[in-house]
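Here is the structure we will look at.
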Amino acid sequence: MTQATDPAIVPDIPDFAGTIDRFIAVSSDWITQHYIELIIALLIGTAIFFLLGAIKRLAVRHIRKQESLTGYREILTKAVAKTTKLFMFMVSLEIVIVSSNAPAKIINFVGVLFTIAVVVQVAIWLREIILGFFNRKLSTDPEENETLANAMTLIRLLVTFVLFAIASIMILDNLGVDVTGLIAGLGVGGIAIGLAAQGIFSDLFAALSIIFDKPFKRGETVTYDTTTGTIEKIGLKSTRLRAITGEEVIISNTNLLDKEIVNLTRLDRRRTRFGIGVIYQTKPEDARRIPDLLKQIVEENGGVFVRSGFVGFGDSSINFELDFDIMSSEYDPVYQGRHTIGLAILQKFNEEGLEFAYPTQTTFTSAPDGTMIMPYPEGGFPVHLQED
């Protein structure tokens, strides 16, 4: 038994064959009626295609001759060399179609293909330019930018993904596809990935910040918190230092940049301060000679005298200060210079009869009426003899 089908509920099936036939008919009429304009447009389009090809070949030739150069001109030249034949063909075809009064359907169809080609080509150009800037930074000092070299694979992947994801969204939007849901999905996915890998990305961007901003580089000596050490390696996640006490210190890049960093290597000199105390029994005329003696000692031992003078009366000493510079950016010469000058001060003071003070206390004993008495017999210290 055959069941009848209600014509009202039969779905509409697109007539592709009819559409193609109509498209061919319209194209034939257009070619017949405008063949002169079409021939002229084809000549212009062909000339433009070969002109773009010649520009690309010049760019490729320039790159081969100067492969070692990484200036901004070379970056743009490399981007031009990445121009695809599809883009050149679509530019020529778009000019031909627009210049020859083509039908609206043909213009719309070619326009869609032209938009796709342009969007993809722009993404390729931008990718080449962005990666070119990173490569230029890397080529300035390959040893210094070892971290950037290690990160290039990840950077190349992220740049490619972001650019072509944007290009895909633009193409779909141009084709009439509703991309609102896609954009929302990508946004939610990006937030989820960002939260999951927040620490990794934070340290990675901190490493790139160190590379480009250059607060320090490998081999330099820095101080942060209570640690002083030499930078041994700047990694993608952490930086390794060799402390002056010998141990290796590892700190994440994010935490390191959050701290106050003092770069000691970029000093052409380092200043040292000594506090010196002499006893109160020192004669005033001897105390007046101390700044000049200290200046003489510093200059005789390769230091640069800055200042010296009396700073105050201590509990058991007359206090002086000495400031001097060691003309070096490295820690070892400064350490050795401080050692030499310190011992020279000790020797000179001994030769001049100047005594260093040390904490002392004097106890006075008085009778009930307030009269001061000695705590031991005037003849000397009490001696107790014990008989066997």
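Numbers for residues simply follow the sequence, beginning at 1.
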Go through the steps to decide whether Phe305 and Asp323 satisfy the test side-chain contact (heavy atoms from CB on, under 4.5 Å), and finish with yes or no. CA-CA 7 Å; Phe305 178 81; Asp323 289 340; over 6 Å; no
Test of understanding: clusters of I, L, V, M, F, W, Y form through side-chain heavy atoms closer than 4.5 Å, transitively. Do [X] and [Y] belong to the same one?
X: Ile129; Y: Val60; result: no
X: Tyr358; Y: Leu354; result: no
X: Phe356; Y: Tyr280; result: yes
X: Val91; Y: Val122; result: yes
X: Ile297; Y: Leu346; result: yes

Considering residues, nucleotides and ligands other than [X], do more than 12 of their heavy atoms fall under 6.0 Å from its [atom1]?
X: Glu260; atom1: CD; value: no
X: Glu220; atom1: CD; value: yes
X: Phe349; atom1: CZ; value: yes

Value rounded to 0.5 Å, distance of [atom1] in [X] from [atom2] in [Y]:
X: Arg270; Y: Ile326; atom1: CZ; atom2: CD1; result: 11.0 Å
X: Lys82; Y: Lys56; atom1: NZ; atom2: NZ; result: 9.0 Å
X: Ile48; Y: Leu43; atom1: CD1; atom2: CG; result: 11.5 Å
X: Ile116; Y: Met170; atom1: CD1; atom2: CE; result: 12.0 Å
X: Glu299; Y: Ile341; atom1: CD; atom2: CD1; result: 10.0 Å
X: Asp286; Y: Gln281; atom1: CG; atom2: CD; result: 12.5 Å

Mind running side-chain contact (heavy atoms from CB on, under 4.5 Å) on Thr230 and Leu241 for me, showing each step along the way? CA-CA 5 Å; Thr230 302; Leu241 301 90; over 6 Å; no
Residue pair Arg240, Glu248: steps toward the salt bridge (charged side-chain N to carboxylate O under 4.0 Å, His left out) verdict: CA-CA 7 Å; Arg240 299 173 185 266; Glu248 184 181 54; 3.7 Å; yes
Let me know which of Arg218, Lys217, Arg242 forms a salt bridge (charged side-chain N to carboxylate O under 4.0 Å, His left out) with Glu232. Arg242
Could you tell me which non-hydrogen atom of [X] sits nearest to which non-hydrogen atom of [Y], and how far apart they are?
X: Asn263; Y: Pro215; result: ND2-O, 3.0 Å
X: Gly309; Y: Pro291; result: CA-CG, 4.2 Å
X: Ile279; Y: Thr282; result: O-OG1, 2.8 Å
X: Val222; Y: Phe216; result: CG1-CB, 3.8 Å
X: Asn301; Y: Ala344; result: ND2-CB, 3.7 Å
X: Ala357; Y: Ser316; result: CB-O, 3.3 Å

Check ion pair Arg289-Asp292 (N to O, under 4.0 angstrom): no
So [Y] and [X], do their side chains get closer than 4.5 Å, heavy atoms only?
X: Ile124; Y: Arg127; value: no
X: Phe274; Y: Arg338; value: yes
X: Ile345; Y: Leu294; value: yes
X: Glu352; Y: Leu293; value: yes
X: Phe87; Y: Trp125; value: yes
X: Phe161; Y: Val159; value: no
X: Thr221; Y: Thr228; value: yes
X: Val298; Y: Gln296; value: no

We want to know whether [X] and [Y] form a side-chain donor-acceptor pair, criterion being a heavy-atom distance below 3.5 angstrom.
X: Gln121; Y: Thr84; value: yes
X: Thr239; Y: Asn253; value: yes
X: Thr227; Y: Asp225; value: no

From CA spacing to verdict: side-chain contact (heavy atoms from CB on, under 4.5 Å), Ile44, Val96: CA-CA 7 Å; Ile44 296 174; Val96 170; over 6 Å; no
When the ring planes of Phe310 and Phe320 are compared, do they come out parallel, tilted or perpendicular, using 30° and 60° as the limits? perpendicular
Give me the ring orientation class for Phe89 and Phe49: parallel if the planes are under 30° apart, tilted from 30 to 60°, perpendicular past 60°. perpendicular
For Ile276 and Ile290, run side-chain contact (heavy atoms from CB on, under 4.5 Å): C-alpha distance rounded to whole Å, both residues' side-chain angles, the deciding distance at 0.1 Å, then the answer. CA-CA 10 Å; Ile276 300 171; Ile290 289 178; 5.7 Å; no
Test item: Ser92 side-chain N/O and Gly45 main-chain N/O as donor-acceptor pair under 3.5 Å: yes
Would you say the side-chain atoms of Thr83 pair up with the backbone N or O of Val80, donor to acceptor, closer than 3.5 Å? yes
Exactly one candidate in Val262, Leu257, Ile251 meets side chain to side chain contact (heavy atoms under 4.5 Å, CB included) with Tyr224; the answer is Ile251
By the definition side chain to side chain contact (heavy atoms under 4.5 Å, CB included), identify the one residue from Val110, Val118, Ile95, Thr115 that meets it with Met90. Val110
